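Working notes, beginning with the structure itself.
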There are 2 protein chains.
Amino acid sequence: MILPGQNEPLECCEEREVHTDVLQEVRDALPDDELLYDLAELFKVFGDSTRIKILYALFEAEMCVCDIANLLGLTQSAISHQLRTLKANKLVRARREGKTVYYSLADQHVRSIVGQGMEHVME
Amino acid sequence: MILPGQNEPLECCEEREVHTDVLQEVRDALPDDELLYDLAELFKVFGDSTRIKILYALFEAEMCVCDIANLLGLTQSAISHQLRTLKANKLVRARREGKTVYYSLADQHVRSIVGQGMEHVME
DNA sequence: CAAACATATGAGCAACTGTTCATATGTTCA
DNA sequence: TGAACATATGAACAGTTGCTCATATGTTTG
């Protein structure tokens, strides 16, 4: 039986013995569907220019909802909705101080993910 | 005039002198709108589970359209459309060999971006 | 407590997205 | 050249998303 190495081209679409075997190998290497789904969900959060702008703003300083709204020229409501999404995905955390709520980056992961993306875009 | 340091909370929503100044600072630090838009567009590409699965498959081996379709249980057409998107964003490149077209990762950037995301998801 | 303020939330709508279906393009081989 | 195959593309439709508007929640202060 022919067993191509890991990095050789797979045999293509007509039905053959080899074909399904190698497909199975790749299938086995794939992470669970659920995990891949979650990963896509995470990137979806970065995939909106308003949210990206919010994150970049928070790279500079902790900010409250109203200031961010001011900064980006959007409604307080719009920003609050987006912050909710960011918070739900643990990219941002909130700290209440009296009436105002200050948002900041949840961790440095966010910076590095965005940074990697930016490198790719700026090439 | 009061000038808070870079990492102090900004003054909030009522109109004050300080307020607009600090907002302006953050505004100046933000990359151009166009660049942020492109960055969001890039992440949008990662933000779909089909495309993520395709990329993960290509982590293992160069593959043709039909095999990927087989692997993921989707139409050849669906996969071709998604590969188009991936290619347009330079995440993937194509190599024709007779009738079949083999797709592979465009560069290692892709791996590291996806990897960073995966780390965040798996926490 | 009531008024003022900052934020959060829900409904609704316009715009966008991923898939399928039908079909076109490109390649090989008899 | 024509048939068979692999891929690409366009149209259309269902599902999703981000914004706005109206309003609710939570906090401070008179």
Side-chain angles (χ1 to χ4, degrees), chain A residues 9-16 19 23 36-37 40-55 58 62-89 92-104, chain B residues 9-16 19 23 36-37 40-55 58 62-89 92-104:
Chain A
L10 302 173
E11 294 296 335
C12 206
C13 297
E14 313 218 276
E15 292 300 330
R16 300 183 195 168
H19 184 163
L23 267 185
L36 291 172
Y37 184 82
E41 286 304 298
L42 175 68
F43 282 122
K44 208 170 285 183
V45 178
F46 290 101
D48 174 78
S49 58
T50 298
R51 286 192 292 266
I52 282 284
K53 284 177 193 173
I54 293 176
L55 292 176
L58 298 184
E62 168 179 69
M63 291 177 81
C64 72
V65 180
C66 184
D67 277 338
I68 300 174
N70 243 293
L71 175 68
L72 304 185
L74 285 173
T75 318
Q76 171 270 321
S77 176
I79 300 300
S80 184
H81 278 298
Q82 297 296 26
L83 285 168
R84 189 174 205 261
T85 300
L86 290 168
K87 194 177 164 196
N89 286 273
V92 141
R93 44 163 225 256
R95 173 179 74 81
R96 170 148 247 157
E97 194 176 309
K99 283 177 290 183
T100 85
V101 176
Y102 291 99
Y103 283 86
S104 55
Chain B
L10 302 171
E11 293 297 335
C12 205
C13 297
E14 313 220 274
E15 292 300 329
R16 299 183 194 168
H19 185 164
L23 268 185
L36 291 171
Y37 185 80
E41 287 304 299
L42 175 68
F43 282 123
K44 207 170 286 184
V45 178
F46 290 101
D48 174 77
S49 57
T50 298
R51 288 192 291 268
I52 282 283
K53 285 177 192 173
I54 293 175
L55 292 176
L58 298 184
E62 168 179 70
M63 290 177 82
C64 73
V65 180
C66 185
D67 277 337
I68 300 174
N70 242 294
L71 175 69
L72 303 185
L74 286 174
T75 317
Q76 172 270 324
S77 175
I79 301 300
S80 185
H81 278 299
Q82 297 296 26
L83 285 168
R84 189 174 204 262
T85 300
L86 291 168
K87 194 177 164 196
N89 286 273
V92 140
R93 44 163 224 257
R95 172 180 74 82
R96 170 148 247 156
E97 194 176 306
K99 284 176 290 185
T100 86
V101 177
Y102 291 97
Y103 283 86
S104 56

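Residue numbers begin at 1 in each chain, while the letters A, B, ... track the order of the sequences. Fair warning: this is a prediction, and the values are worked out from it, not measured in the lab.
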Distances under 3.5 Å between nitrogen or oxygen atoms of protein and nucleotides 12-19 of chain D:
| from | atom 1 | to | atom 2 | distance (Å) |
| --- | --- | --- | --- | --- |
| D:dG18 | OP1 | A:Arg51 | NH1 | 3.3 |
| D:dG18 | OP1 | A:Arg51 | NH2 | 2.7 |
| D:dG18 | OP2 | A:Arg51 | NH1 | 3.4 |
| D:dC19 | OP1 | A:Thr50 | OG1 | 2.6 |
| D:dC19 | OP2 | A:Gln82 | NE2 | 2.6 |

Completion exercise
Sorted by chain and number, sequence neighbours left out, side-chain hydrogen bond (donor to acceptor under 3.5 Å, both in side chains) with B:Gln76 holds for none
Problem - Side chains of B:Leu74 and B:Ile68 in contact at under 4.5 Å (non-hydrogen atoms) - result: no
Completion exercise
Between OH of B:Tyr102 and P of D:dT7 the distance, given in whole Å, is 8 Å
Practice task
Check the distance between D:dT7's C1' and B:Arg95's CZ and give it to me in whole angstrom.
Solution key: 15 Å
Practice task
Drop me the distance from B:Lys44's NZ to A:Ser49's OG, to the nearest 0.5 angstrom.
Solution key: 6.5 Å
Exercise for the section: Please state whether the phosphate of C:dA8, meaning OP1 or OP2, lies under 4.0 angstrom from any side-chain nitrogen or oxygen of A:Tyr103. Expected result: yes
Handout entry: Whole-Å gap separating P (C:dA6) and CD1 (A:Ile68)
Key = 15 Å
Problem - Whole angstrom value for the distance that separates P of C:dA11 from CZ of A:Arg84 - result: 12 Å
Handout entry: Rounded distance (Å) that lies between atom C1' of C:dC16 and atom CZ of B:Phe43
Key = 20 Å
Practice task
Not counting sequence neighbours, which residues clear side-chain contact (heavy atoms from CB on, under 4.5 Å) with B:Leu36? List them please.
Solution key: A:Ile52, A:Lys53, A:Tyr56, A:Met118, B:Pro31
Exercise for the section: Do nucleotides 22-30 of chain C as a string where each nucleotide becomes B, S or -: B if the base has a protein heavy atom under 4.0 Å, S if just the sugar-phosphate does, - if no protein is that close. Expected result: B---BBS--
Practice task
Kindly write out the residues that satisfy side-chain contact (heavy atoms from CB on, under 4.5 Å) with B:Gln82, not counting sequence neighbours, or none if the list is empty.
Solution key: B:Asp48, B:Thr50, B:Arg51, B:Ile54, B:Thr85
Exercise for the section: May I ask you to decide if A:Gly98's main-chain N or O and A:Arg96's side chain share a donor-acceptor pair within less than 3.5 Å? Expected result: yes
Practice task
Look at the rings of A:Phe43 and B:Phe46 and say which category their plane angle falls in: under 30° parallel, 30 to 60° tilted, over 60° perpendicular.
Solution key: tilted
Handout entry: Partner set under side-chain contact (heavy atoms from CB on, under 4.5 Å) for B:Ala88, not counting sequence neighbours
Key = none
